[in-house]
A.B. asks: 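So that we are looking at the same thing, I have put the structure below in C-alpha coordinates.
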There are 2 protein chains.
Amino acid sequence: MDTQLRKGILDVCVLAAIRNEDSYGYKIIKDLNSILELSESTLYTILKRLEENNMLTVKSTTYAGRTRKYYHITEIGLNRIEEFKNDAQEFVKVYSFIMKGKEQ
Amino acid sequence: MDTQLRKGILDVCVLAAIRNEDSYGYKIIKDLNSILELSESTLYTILKRLEENNMLTVKSTTYAGRTRKYYHITEIGLNRIEEFKNDAQEFVKVYSFIMKGKEQ
DNA sequence: TACAATACTTCGTGATACGATGTATGCATA
DNA sequence: TATGCATACATCGTATCACGAAGTATTGTA
(Lines give C-alpha, C1' and ligand atoms only; values in the text may rest on other atoms or scores of the structure.)
Protein backbone atom coordinates (compact mmCIF):
# COMPACT_ATOMS: atom_id res chain seq x y z
CA MET A 1 0.00 0.00 0.00
CA ASP A 2 1.08 3.56 -0.64
CA THR A 3 3.07 4.94 2.30
CA GLN A 4 0.96 8.04 2.71
CA LEU A 5 -2.33 6.21 2.77
CA ARG A 6 -0.83 3.75 5.23
CA LYS A 7 0.01 6.59 7.56
CA GLY A 8 -3.64 7.42 7.74
CA ILE A 9 -4.65 4.06 9.14
CA LEU A 10 -1.70 2.82 11.21
CA ASP A 11 -2.64 4.66 14.38
CA VAL A 12 -6.19 3.43 14.33
CA CYS A 13 -5.11 -0.13 13.51
CA VAL A 14 -2.93 -0.22 16.59
CA LEU A 15 -5.77 1.13 18.70
CA ALA A 16 -8.10 -1.48 17.24
CA ALA A 17 -5.58 -4.19 18.10
CA ILE A 18 -5.84 -3.36 21.80
CA ARG A 19 -9.50 -2.40 21.88
CA ASN A 20 -10.89 -5.74 23.00
CA GLU A 21 -8.09 -6.69 25.35
CA ASP A 22 -4.84 -5.20 26.54
CA SER A 23 -1.85 -6.29 24.53
CA TYR A 24 1.89 -5.70 24.14
CA GLY A 25 4.15 -4.69 21.29
CA TYR A 26 5.31 -8.00 20.01
CA LYS A 27 1.82 -9.48 20.11
CA ILE A 28 0.28 -6.49 18.36
CA ILE A 29 2.66 -7.01 15.46
CA LYS A 30 1.71 -10.68 15.21
CA ASP A 31 -1.99 -9.93 15.48
CA LEU A 32 -1.93 -7.24 12.83
CA ASN A 33 0.40 -9.18 10.59
CA SER A 34 -2.31 -10.82 8.50
CA ILE A 35 -3.94 -7.50 7.71
CA LEU A 36 -0.97 -5.14 7.79
CA GLU A 37 2.77 -5.69 7.98
CA LEU A 38 4.45 -3.50 10.51
CA SER A 39 8.02 -3.26 11.81
CA GLU A 40 8.98 -2.92 15.43
CA SER A 41 10.46 0.53 15.01
CA THR A 42 7.25 1.70 13.41
CA LEU A 43 5.03 0.18 16.07
CA TYR A 44 6.96 1.49 19.05
CA THR A 45 7.02 4.95 17.54
CA ILE A 46 3.26 4.80 17.18
CA LEU A 47 2.69 3.40 20.66
CA LYS A 48 4.78 6.17 22.15
CA ARG A 49 2.81 8.79 20.27
CA LEU A 50 -0.52 7.28 21.23
CA GLU A 51 0.55 7.35 24.86
CA GLU A 52 1.61 10.99 24.59
CA ASN A 53 -1.81 11.73 23.13
CA ASN A 54 -3.51 9.91 26.01
CA MET A 55 -5.09 7.38 23.71
CA LEU A 56 -3.69 4.52 25.74
CA THR A 57 -2.04 3.79 29.08
CA VAL A 58 0.95 1.54 29.73
CA LYS A 59 1.69 -0.96 32.45
CA SER A 60 5.14 -2.57 32.62
CA THR A 61 5.24 -6.20 33.67
CA THR A 62 7.71 -9.06 33.63
CA TYR A 63 6.87 -12.28 31.88
CA ALA A 64 9.30 -15.21 31.82
CA GLY A 65 12.22 -12.93 32.64
CA ARG A 66 11.42 -10.52 29.87
CA THR A 67 10.02 -7.02 30.12
CA ARG A 68 6.58 -6.77 28.69
CA LYS A 69 4.56 -3.57 28.44
CA TYR A 70 0.81 -3.91 28.31
CA TYR A 71 -1.13 -1.22 26.54
CA HIS A 72 -4.67 -0.32 27.52
CA ILE A 73 -6.95 1.82 25.39
CA THR A 74 -8.55 4.92 26.92
CA GLU A 75 -11.82 6.72 26.26
CA ILE A 76 -9.94 9.12 24.02
CA GLY A 77 -8.52 6.19 22.08
CA LEU A 78 -11.98 4.74 21.60
CA ASN A 79 -13.20 8.11 20.35
CA ARG A 80 -10.37 8.15 17.85
CA ILE A 81 -11.68 4.89 16.41
CA GLU A 82 -15.16 6.35 16.18
CA GLU A 83 -13.85 9.43 14.39
CA PHE A 84 -12.16 7.16 11.93
CA LYS A 85 -15.62 5.97 10.88
CA ASN A 86 -16.44 9.46 9.66
CA ASP A 87 -13.10 9.79 7.95
CA ALA A 88 -13.68 6.50 6.18
CA GLN A 89 -17.02 7.76 4.89
CA GLU A 90 -15.33 10.86 3.53
CA PHE A 91 -12.70 8.64 2.03
CA VAL A 92 -15.35 6.70 0.13
CA LYS A 93 -16.85 9.95 -1.19
CA VAL A 94 -13.48 11.09 -2.44
CA TYR A 95 -12.86 7.65 -3.87
CA SER A 96 -16.06 7.95 -5.92
CA PHE A 97 -14.92 11.30 -7.19
CA ILE A 98 -11.55 9.94 -8.17
CA MET A 99 -12.97 6.94 -9.96
CA LYS A 100 -15.98 8.41 -11.70
CA GLY A 101 -14.51 11.83 -12.24
CA LYS A 102 -17.62 13.35 -10.73
CA GLU A 103 -19.12 13.79 -7.35
CA GLN A 104 -21.82 11.43 -6.16
CA MET B 1 -10.50 14.71 7.83
CA ASP B 2 -7.43 13.46 9.67
CA THR B 3 -4.27 14.99 8.20
CA GLN B 4 -2.52 11.70 7.68
CA LEU B 5 -5.40 10.07 5.86
CA ARG B 6 -5.73 13.20 3.75
CA LYS B 7 -2.11 12.85 2.70
CA GLY B 8 -2.95 9.49 1.24
CA ILE B 9 -5.51 10.85 -1.18
CA LEU B 10 -4.40 14.36 -2.10
CA ASP B 11 -2.02 13.32 -4.87
CA VAL B 12 -4.57 11.13 -6.54
CA CYS B 13 -7.29 13.76 -6.21
CA VAL B 14 -5.17 16.27 -8.06
CA LEU B 15 -4.44 13.73 -10.77
CA ALA B 16 -8.14 12.96 -11.03
CA ALA B 17 -8.88 16.66 -11.40
CA ILE B 18 -6.82 16.83 -14.59
CA ARG B 19 -7.60 13.39 -15.93
CA ASN B 20 -10.42 14.34 -18.27
CA GLU B 21 -9.02 17.65 -19.41
CA ASP B 22 -5.91 19.72 -18.80
CA SER B 23 -6.32 22.27 -16.07
CA TYR B 24 -4.40 24.88 -14.09
CA GLY B 25 -3.76 25.48 -10.40
CA TYR B 26 -6.44 27.97 -9.57
CA LYS B 27 -9.11 25.99 -11.40
CA ILE B 28 -8.08 22.71 -9.78
CA ILE B 29 -8.66 24.25 -6.37
CA LYS B 30 -12.12 25.46 -7.38
CA ASP B 31 -13.01 22.13 -8.96
CA LEU B 32 -11.91 20.08 -5.97
CA ASN B 33 -13.38 22.52 -3.49
CA SER B 34 -16.71 20.76 -3.10
CA ILE B 35 -15.07 17.43 -2.32
CA LEU B 36 -11.86 18.56 -0.63
CA GLU B 37 -10.61 21.92 0.59
CA LEU B 38 -7.09 22.65 -0.46
CA SER B 39 -4.82 25.67 -0.11
CA GLU B 40 -2.61 27.07 -2.83
CA SER B 41 0.61 26.27 -1.04
CA THR B 42 -0.52 22.69 -0.68
CA LEU B 43 -1.62 22.33 -4.28
CA TYR B 44 1.47 23.85 -5.84
CA THR B 45 3.68 21.67 -3.68
CA ILE B 46 1.79 18.64 -4.92
CA LEU B 47 1.85 19.72 -8.55
CA LYS B 48 5.59 20.23 -8.38
CA ARG B 49 6.08 16.77 -6.91
CA LEU B 50 3.81 15.15 -9.47
CA GLU B 51 5.81 16.80 -12.22
CA GLU B 52 9.08 15.58 -10.71
CA ASN B 53 7.61 12.08 -10.64
CA ASN B 54 6.58 12.38 -14.29
CA MET B 55 2.92 11.97 -13.49
CA LEU B 56 2.08 15.13 -15.39
CA THR B 57 3.56 17.62 -17.82
CA VAL B 58 3.30 21.40 -17.71
CA LYS B 59 2.74 24.00 -20.38
CA SER B 60 3.01 27.69 -19.52
CA THR B 61 0.55 30.03 -21.23
CA THR B 62 -0.69 33.58 -20.81
CA TYR B 63 -4.37 34.28 -20.34
CA ALA B 64 -5.71 37.82 -19.96
CA GLY B 65 -2.29 39.11 -19.01
CA ARG B 66 -1.78 36.51 -16.31
CA THR B 67 0.51 33.52 -16.33
CA ARG B 68 -1.38 30.28 -16.40
CA LYS B 69 0.22 26.84 -16.27
CA TYR B 70 -1.70 23.99 -17.77
CA TYR B 71 -1.11 20.53 -16.38
CA HIS B 72 -1.52 17.40 -18.47
CA ILE B 73 -1.67 13.92 -17.00
CA THR B 74 0.76 11.27 -18.31
CA GLU B 75 0.52 7.50 -18.63
CA ILE B 76 2.35 7.19 -15.31
CA GLY B 77 -0.17 9.49 -13.71
CA LEU B 78 -3.04 7.40 -15.03
CA ASN B 79 -1.37 4.30 -13.65
CA ARG B 80 -1.13 5.97 -10.28
CA ILE B 81 -4.90 6.39 -10.28
CA GLU B 82 -5.32 2.73 -11.15
CA GLU B 83 -3.02 1.70 -8.32
CA PHE B 84 -5.12 3.74 -5.98
CA LYS B 85 -8.00 1.38 -6.74
CA ASN B 86 -6.06 -1.48 -5.21
CA ASP B 87 -5.04 0.63 -2.26
CA ALA B 88 -8.66 1.57 -1.69
CA GLN B 89 -9.62 -2.10 -1.62
CA GLU B 90 -6.95 -2.75 0.99
CA PHE B 91 -8.22 0.24 2.87
CA VAL B 92 -11.68 -1.27 3.02
CA LYS B 93 -10.26 -4.55 4.32
CA VAL B 94 -8.40 -2.76 7.06
CA TYR B 95 -11.49 -0.72 7.80
CA SER B 96 -13.46 -3.91 8.36
CA PHE B 97 -10.78 -5.13 10.72
CA ILE B 98 -10.84 -1.91 12.66
CA MET B 99 -14.60 -1.80 12.96
CA LYS B 100 -15.44 -5.40 13.57
CA GLY B 101 -12.30 -6.27 15.41
CA LYS B 102 -11.85 -9.22 13.15
CA GLU B 103 -10.55 -9.93 9.70
CA GLN B 104 -12.66 -10.60 6.63
C1' DT C 1 -8.93 54.57 -5.78
C1' DA C 2 -9.48 50.92 -3.09
C1' DC C 3 -10.46 45.99 -2.80
C1' DA C 4 -11.49 41.42 -4.40
C1' DA C 5 -10.41 37.83 -7.55
C1' DT C 6 -7.13 35.58 -10.37
C1' DA C 7 -2.60 33.10 -10.60
C1' DC C 8 1.72 31.38 -9.28
C1' DT C 9 5.99 31.08 -5.85
C1' DT C 10 8.98 30.31 -1.83
C1' DC C 11 10.22 29.41 3.00
C1' DG C 12 10.04 27.22 7.26
C1' DT C 13 7.95 24.04 10.48
C1' DG C 14 5.99 20.06 12.60
C1' DA C 15 4.48 15.33 11.68
C1' DT C 16 5.42 10.87 10.39
C1' DA C 17 7.15 5.90 8.89
C1' DC C 18 10.88 3.19 8.83
C1' DG C 19 15.52 1.12 8.25
C1' DA C 20 19.44 0.27 10.98
C1' DT C 21 21.24 -0.80 15.09
C1' DG C 22 21.43 -2.06 19.85
C1' DT C 23 20.23 -4.52 24.38
C1' DA C 24 18.65 -8.58 26.76
C1' DT C 25 16.38 -13.13 27.79
C1' DG C 26 14.57 -17.94 27.03
C1' DC C 27 14.56 -22.11 24.45
C1' DA C 28 15.58 -25.68 21.17
C1' DT C 29 19.00 -28.38 18.78
C1' DA C 30 23.15 -29.91 16.86
C1' DT D 1 27.77 -26.22 25.58
C1' DA D 2 27.61 -23.34 21.89
C1' DT D 3 24.78 -21.54 18.17
C1' DG D 4 20.85 -19.54 16.54
C1' DC D 5 16.11 -18.25 16.64
C1' DA D 6 12.12 -16.17 18.91
C1' DT D 7 10.72 -12.93 22.18
C1' DA D 8 10.68 -7.97 23.69
C1' DC D 9 11.66 -3.18 23.83
C1' DA D 10 14.48 1.25 22.57
C1' DT D 11 16.77 4.96 19.87
C1' DC D 12 18.70 7.61 16.07
C1' DG D 13 18.67 9.63 11.68
C1' DT D 14 16.55 10.41 7.28
C1' DA D 15 13.22 11.31 3.74
C1' DT D 16 8.70 12.73 2.78
C1' DC D 17 4.82 15.52 3.31
C1' DA D 18 0.92 19.27 4.16
C1' DC D 19 0.36 23.76 5.15
C1' DG D 20 0.45 28.51 7.02
C1' DA D 21 2.56 32.85 6.03
C1' DA D 22 4.11 36.00 3.05
C1' DG D 23 5.13 37.74 -1.40
C1' DT D 24 4.60 39.24 -6.61
C1' DA D 25 1.66 40.70 -10.27
C1' DT D 26 -2.53 41.48 -13.13
C1' DT D 27 -7.56 42.25 -14.10
C1' DG D 28 -12.08 43.61 -12.87
C1' DT D 29 -15.35 46.05 -9.94
C1' DA D 30 -17.58 49.00 -6.49
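Just so it is clear: chains get the letters A, B, ... in the order the sequence lines come, proteins before strands, and each one is counted from 1. Bear in mind the structure is a predicted one, so any value in this text is a computation, not a measurement.
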A.B. asks: Would you tell me if any nitrogen or oxygen in the side chain of Tyr24(B) comes within less than 4.0 Å of OP1 or OP2 on dC8(C)?
C.D. replies: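 So the side chain of Tyr24(B) is outside the cut-off, no N or O lying under 4.0 Å from OP1 or OP2 of dC8(C).
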A.B. asks: Output yes when at least one side-chain N/O atom of Tyr44(A) is less than 4.0 Å from OP1 or OP2 of dA10(D), else no.
C.D. replies: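 The answer is no; no side-chain N or O of Tyr44(A) sits under 4.0 Å from OP1 or OP2.
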A.B. asks: Give the rounded distance in Å between these two atoms: OH of Tyr26(B) and P of dT26(D).
C.D. replies: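 Distance check: Tyr26(B) OH to dT26(D) P gives 17 Å.
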A.B. asks: Return the orientation label for the Tyr24(B) and Tyr70(B) ring planes: parallel under 30°, perpendicular over 60°, tilted otherwise.
C.D. replies: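 The arrangement is perpendicular - the two ring planes meet at more than 60°.
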A.B. asks: Report yes if a side-chain nitrogen or oxygen of Thr42(A) is closer than 4.0 Å to either non-bridging phosphate oxygen (OP1 or OP2) of dC18(C); otherwise report no.
C.D. replies: yes
A.B. asks: Pick from Ile28(A), Val58(A), Thr42(A): which one makes a side chain to side chain contact (heavy atoms under 4.5 Å, CB included) with Leu47(A)?
C.D. replies: Ile28(A)
A.B. asks: Treating Ser23(B) as the side-chain partner and Ile18(B) as the backbone partner, does any N or O pair qualify as donor plus acceptor under 3.5 Å?
C.D. replies: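 Not a single qualifying donor-acceptor pair exists.
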A.B. asks: Which ones in residues 57-69 of chain A lie close to DNA chain C, meaning a heavy atom under 4.0 Å from one of its atoms?
C.D. replies: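 Those residues whose heavy atoms fall under 4.0 Å from DNA chain C, taken from residues 57-69 of chain A in numerical order, are Ala64(A), Gly65(A), Arg66(A).
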A.B. asks: Please classify the nucleic acid contact of Asp11(B) as base, sugar-phosphate, or nothing, using heavy-atom distances under 4.0 Å.
C.D. replies: sugar-phosphate
A.B. asks: Main chain of Gly77(B), side chain of Arg19(B): is a donor-acceptor contact present, judged purely on distance under 3.5 Å?
C.D. replies: no
A.B. asks: Does Ser39(B) make a side-chain donor-acceptor contact with the base of dG20(D), cut-off 3.5 Å?
C.D. replies: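 Side chain to base: no pair present.
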A.B. asks: Check the distance between dT10(C)'s P and Leu43(B)'s CG and give it to me in whole angstrom.
C.D. replies: 14 Å
A.B. asks: Let me know the distance between CG of Leu47(A) and C1' of dA8(D), rounded to the nearest Å.
C.D. replies: 12 Å
A.B. asks: Which heavy atom of Ile35(A) sits nearest a heavy atom of Lys93(B), and at what distance?
C.D. replies: CD1-O, 3.9 Å
A.B. asks: Over all heavy atoms of both residues, which pair between Tyr71(B) and Gly25(B) is shortest? Give the atoms and the distance, please.
C.D. replies: CE1-N, 4.0 Å
A.B. asks: Just the rounded figure in Å: distance from P of dA8(D) to CG of Asn33(A).
C.D. replies: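 The distance from CG of Asn33(A) to P of dA8(D) comes to 15 Å, rounded to the nearest Å.
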A.B. asks: Return no unless some side-chain N or O of Ser41(A) is found under 4.0 Å from OP1 or OP2 of dC18(C).
C.D. replies: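 Looking at the OP1 and OP2 atoms of dC18(C), neither is under 4.0 Å from any side-chain N or O of Ser41(A).
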A.B. asks: May I have the distance from Ile46(B) (atom CD1) to dT10(C) (atom C1'), rounded to whole angstrom?
C.D. replies: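 After rounding, the reported distance stands at 16 Å.
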A.B. asks: With respect to the phosphate group of dT11(D), does any side-chain polar atom (N or O) of Lys48(A) fall under 4.0 Å of OP1 or OP2?
C.D. replies: yes
A.B. asks: Quick one: Glu40(B) CD to dA5(C) C1', roughly how many Å, whole number?
C.D. replies: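 Rounded to whole Å, this separation is 11 Å.
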A.B. asks: Of all of residues 3-10 of chain A, which get a heavy atom below 4.0 angstrom from DNA chain C, listed by number?
C.D. replies: Arg6(A), Lys7(A), Leu10(A)
A.B. asks: Can we say Glu82(B) and Lys85(B) salt-bridge, meaning some charged N sits less than 4.0 Å from an Asp/Glu carboxylate O?
C.D. replies: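 Salt bridge flag = yes for Lys85(B) with Glu82(B).
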A.B. asks: Might you point out which heavy atoms bring Leu15(B) and Ile73(B) nearest each other, and give the distance in Å?
C.D. replies: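 Heavy-atom minimum between the residues: O-CD1, 3.7 Å.
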A.B. asks: Once rounded to the nearest 0.5 Å, what's the spacing between atom CZ of Arg6(A) and atom CG of Leu5(B)?
C.D. replies: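 The distance works out to 14.0 Å.
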A.B. asks: Have a look at Lys30(A) and say if it touches a base, only the backbone sugar-phosphate, or nothing, with a 4.0 Å heavy-atom cut-off.
C.D. replies: sugar-phosphate
A.B. asks: Whole angstrom is fine here: how far is it from CG in Asp2(B) over to P in dA18(D)?
C.D. replies: 13 Å
A.B. asks: Is the backbone of Met55(A) close enough, under 3.5 Å, to the side chain of Asn53(A) for a donor and an acceptor to pair up by distance?
C.D. replies: no
A.B. asks: Arg49(A) has an atom CZ; how far is it from atom P of dA15(C), in whole Å?
C.D. replies: 10 Å
